[in-house]
Number of protein chains: 2
Amino acid sequence: MVGKVAARREILRKSLIDIAKLRIARDGLSALRARDLATDAGCAVGAIYNVFGDLNDLVLSVNADTFQALGQDVASSLSEAGQTPVQQLIVMSQAYHRFAAQNYYLWRALFDLERPKGEAAPDWYLAEMGQLFTFIHDPLRAAFPQMDAEQRALLTKALFSTVHGIVLLGLDDASAGVQSANIDDMIALILNQIIGPL
Amino acid sequence: MVGKVAARREILRKSLIDIAKLRIARDGLSALRARDLATDAGCAVGAIYNVFGDLNDLVLSVNADTFQALGQDVASSLSEAGQTPVQQLIVMSQAYHRFAAQNYYLWRALFDLERPKGEAAPDWYLAEMGQLFTFIHDPLRAAFPQMDAEQRALLTKALFSTVHGIVLLGLDDASAGVQSANIDDMIALILNQIIGPL
DNA sequence: TCTCGTTTTTGAACGTAGTTCATTATGACA
DNA sequence: TGTCATAATGAACTACGTTCAAAAACGAGA
């Protein structure tokens, strides 16, 4: 019987990702423990390292799933959006906010996972980031057809950073958190001001 | 001779804060080690715990200094600012950016230090945050005298979050970092759009 | 100055992490 | 089925924050 080992490893891999996802979602990234994972998965601690290089690798896989889910949420929010670019941007931003609020620790793990110093982010990470940028970029092209590409790329990053900043500080109760409903108001206020009058 | 002990402890306290500041600035918060601190300070590891409750307490003190320095930088940037509210906001935001860039790890420590779960941020932290908010709030009052207080408070937080977000993602090379010069452009672009036309 | 009780400082030791690796168990193939 | 390569195991290793029994330093009274 060929591939039995590979199959078992694949099952363990998926299982570990799911368990880590649950634990991160419940207790946060910093509460993740190799021994807890092994207990939950019914395997030895060493088994984790047969499948992942280290715990960071495992969290990276969790983050890949999170990015996927986040991207889908944002994309599907578009279907219920109005037609104007600014309406689309607002709805997507509020979907981003909703995802971050409902999956707080998983969302935080996207940014809190520390990378080996000076090492670039993995390709898939940048690709997922680029995907989110695309969602913003398209309405901007509709809103500002005459704007040159470079300027529009800058505006895209600026808008993403803006929304991310509002959601980040809004959900972080240590940084003078804001009422959740107000976060959506802020997003709409800012986006209307930036895009609306142009 | 009374107060000799207290004086020595105070010296150690200051010394430890300075050393921690240097190490965080050089290697980042996550590279801070109790044993390294003790070695640099020429004291025993246990001595740290005579002066601070734990390492988090020490970092909190470092952060207090960082907030102080940041506040002064932002405040003094106003002296070279133009007279219009939007000019003032842009200059302060770019001062915020410059501080974050030049003191990256110290600035990150303000937000990366993890707090005991569910525990509120210390009072001085919120007070310092409030100080930064005030810097924004004043130009906004000049720009929008007719706006009601609540709305202006919301806009204040939104603007701070916006600038923070742009600087944060711009300086984080893992999140598709942006050229430093462009960060200032983004800030000016966004602030002009938000405030200018109102 | 010389005790002696108190307080402070010390650093070895403790508990808890992530990670490794010699050993054991297992699967694939002749 | 026997043999060997491969995988799984978990005790052990290292590194960390933190503690605490013991030693040193202190200061008041003789």
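We name chains A, B, ... by the order of the sequence lines, and we start the count at 1 in each one. The model shown is predicted, which means the values in this text are computed figures rather than measured ones.
- The side chain of Arg9(B) approaches dT9(C) more closely than any other nucleotide in the set dA7(D), dT9(C), dT20(C).
- As rounded to whole Å, 16 Å separates atom C1' of dT14(D) from atom CG of Asp54(A).
- Shown are Tyr125(A), Phe99(A), Phe111(A); of these, the ring pair (Phe, Tyr, Trp, His ring centres under 6.0 Å) with Phe67(A) is made only by Tyr125(A).
- Separation of the His164(B) and Trp107(B) ring centroids falls under the 6.0 Å cut-off.
- Across dA8(D), dT9(D), dA12(D), the shortest atom-to-atom separation from the side chain of Cys43(A) is found for dT9(D).
- To the nearest angstrom, C1' of dC21(C) lies 13 Å from OH of Tyr49(A).
- In this structure, Arg13(B) places its CZ atom 17 Å from P of dT8(C), rounding to the nearest Å.
- Rounded to an integer number of Å, the gap from CG of Asp36(B) to P of dT18(D) is 14 Å.
- Side-chain proximity of Arg35(B) to dA13(C), dG18(C), dT10(C): nearest is dA13(C).
- For dA8(D), the OP1/OP2 oxygens have a side-chain nitrogen or oxygen of Arg8(A) closer than 4.0 Å.
- The CG-P distance, from Leu16(B) to dT9(C), rounds to 12 Å in whole Å.
- Ion pairing between Arg23(B) and Asp36(B) holds under the 4.0 Å rule for side-chain N and carboxylate O.
- Nearest nucleotide to the Asn50(B) side chain, out of dT26(C), dT10(C), dG17(D): dT10(C).
- Spacing between atom CD of Glu114(B) and atom P of dG17(D) amounts to 13 Å, rounded to whole angstrom units.
- Side-chain atoms of Val45(B) lie closest to dA12(C) of the nucleotides dA12(C), dA12(D), dA7(D).
- Side-chain atoms of Ile11(A) and Lys14(A), non-hydrogen and from C-beta on, never get closer than 4.5 Å to each other.
- A salt bridge links Lys21(A) with Asp65(A): the closest approach of a Lys/Arg side-chain nitrogen to an acidic carboxylate oxygen falls below 4.0 angstrom.
- Distance from the side chain of Arg33(A) is smallest to dA17(C) among dT10(C), dA17(C), dT18(D).
- Nucleotide dT19(C) holds its C1' atom 13 Å from the CG atom of Asn56(A), rounded to whole Å.
- The side chain of Leu55(B) lies closest to dG17(D) when the candidates are dT10(C), dT19(C), dG17(D).
- Among the atoms of the strands shown, only primed sugar atoms or phosphate atoms (P, OP1, OP2) are found under 4.0 Å from some heavy atom of Leu32(B).
- Distance Leu29(B) CG to dC16(D) P: 14 Å, rounded to the nearest Å.
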